[in-house]
Amino acid sequence: MRNLIDIKDLSVTEIEELIKVAEDIMQNPDKYSEKCKHKKLATLFFEPSTRTRLSFEAAMMELGGNVIGFSSADSSSTSKGESVSDTIRTVGCYSDIIAMRHPKEGAPLVASTKTTVPIINAGDGGHNHPTQTLTDLLTIYCEKKRLNNLTIGLCGDLKFGRTVHSLITAMSRYENIKFVFISPEELKIPTYVKVNSNIDYIETKDIEEYIDKLDILYMTRVQKERFFNEEDYLRLKDYYILDKEKLEKAKKDLCIMHPLPRVNEISTEVDDDPRACYFKQVAYGKYIRMALLLKLLDIK
Ligand code: CP
C-alpha cells in the first residue's frame, strides 16, 4: 500500500510514468472511463479548496468511481471534538483511498498510520502540496517539452507557500535547474528548503531584475490565512502585481504559472497573453490526479 505525503515519496521514474499515463488519459479518455468502477475516493478537506478537491472528485468520476467526503471541518464530527485519527479510522472503513487537506503540518502523515487505505496529502498547512507539484510538473512537461535545463522564477510568498516548497524539492532532482527566488524579506524561502534540496539559486526582491532570463515564472498568492497579524498581511499582499508592462522584457516562450487561487498578484490583463498557462495548469491537475489514483489503487 502506497501513500503520497511528500513529493519525494515518488521516484523520478515514477513521476515520468505518471506523466505518460496522464498524457494517455488526455488522448484516450474512453479507455479509462471504467477503471475505478466500484472504487470510492473520500475527500476530507479540513481547509477550503476549489481546485484540489473538485479535480480529485472529477478525476474519480471520470475513472468510473464514486466520491464521498466533506469540504469543511464544520460539516464533519470534527466540530464535535473528534480527533483526526478517529476520523481517518472511520473513513477508512468506507473508502478505498483518501485525499486529505489539513491546516496542521504533518496531519496527513499521522493519518497514514491510522488506516490501511492510501492517504494522499492534498495540502498540509505551510508544508507540502505534492499533488499540486505533480500538476506543475505535468504543466511544465507539456508546455516546455522538458523537465531539465530550465530557469525557474518563484515569486511572492515563498515562506508559507507549500506549493513552492514541494516544487523546489521536485525540480531539484532534474539536471541544470536554476532558481530565482523573488520575495520581500519577510516572505523569503525557508533555509531548510534551500539546504535540503541542494539547489542552484539566486534571491531578489525585484520581479523585473531577472525576468528576461526565466523559462518559467511561478507566481504565488500572499496567504492571508498563514499570517499572525493582519497589519503585516496588508503591507505585503500587493507587493507584486504581474502586468503587461513587467512582461515586456520576458522571453516570448515564458510559461507563467500560478497554483491559484489568485488575488491581485497577476493582473487580469495578463490572462489573454499566450504565455499565461495558469488555467491550462488547472486542467492538467485533473489528469495527473487520475493517473495518481490509478497508481495508488494499483490499477493497471
Ligand atoms: N492550488 C490549490 O491548491 O487550489 P485550491 O486551494 O483551490 O485547492
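Atoms within each ligand, like the ligands themselves, are counted from 1 in listed order. Everything numeric here is computed off the predicted structure, so don't read it as measured data.
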Does a donor on one side chain sit under 3.5 Å from an acceptor on the other, for [X] and [Y]?
{"X": "T52", "Y": "R101", "result": "yes"}
{"X": "D136", "Y": "Q281", "result": "yes"}
{"X": "S166", "Y": "N128", "result": "yes"}
{"X": "T204", "Y": "E209", "result": "yes"}

Interatomic spacing from CG in D298 to CG in L296 - rounded to 0.5 Å: 9.5 Å
Looking at ligand 1, does any of its N/O atoms fall within less than 3.5 Å of an N/O of [X]?
{"X": "P261", "result": "no"}
{"X": "P259", "result": "yes"}
{"X": "T50", "result": "yes"}

Taking only heavy atoms of [X], which atoms of ligand 1 are found under 4.0 Å from at least one of them?
{"X": "T52", "result": "2 (C), 3 (O), 4 (O), 5 (P), 8 (O)"}
{"X": "Q132", "result": "1 (N), 2 (C)"}
{"X": "L260", "result": "1 (N), 2 (C), 4 (O)"}

For atom 4 (O) of ligand 1, the protein heavy atom that lies nearest, with its residue and separation: R51 NE, 3.2 Å
Closest protein heavy atom to atom 6 (O) of ligand 1, given as residue, atom name and distance to 0.1 Å: R101 NH1, 2.9 Å
Which segment of T163 sits under 4.0 Å of ligand 1 when only heavy atoms are counted: neither
Sub-4.0 Å heavy-atom contact, E47 with ligand 1: no
4.5 Å side-chain heavy-atom contact, Y218 and H258: no
Of the listed options G123, G285, S49, closest to atom 8 (O) of ligand 1 (non-hydrogen atoms): S49
Residue list, salt bridge (charged side-chain N to carboxylate O under 4.0 Å, His left out) with D232, at least two apart or on another chain: R235
Cationic tip of R289 above F56 ring, under 6.0 Å, 45° of axis: yes
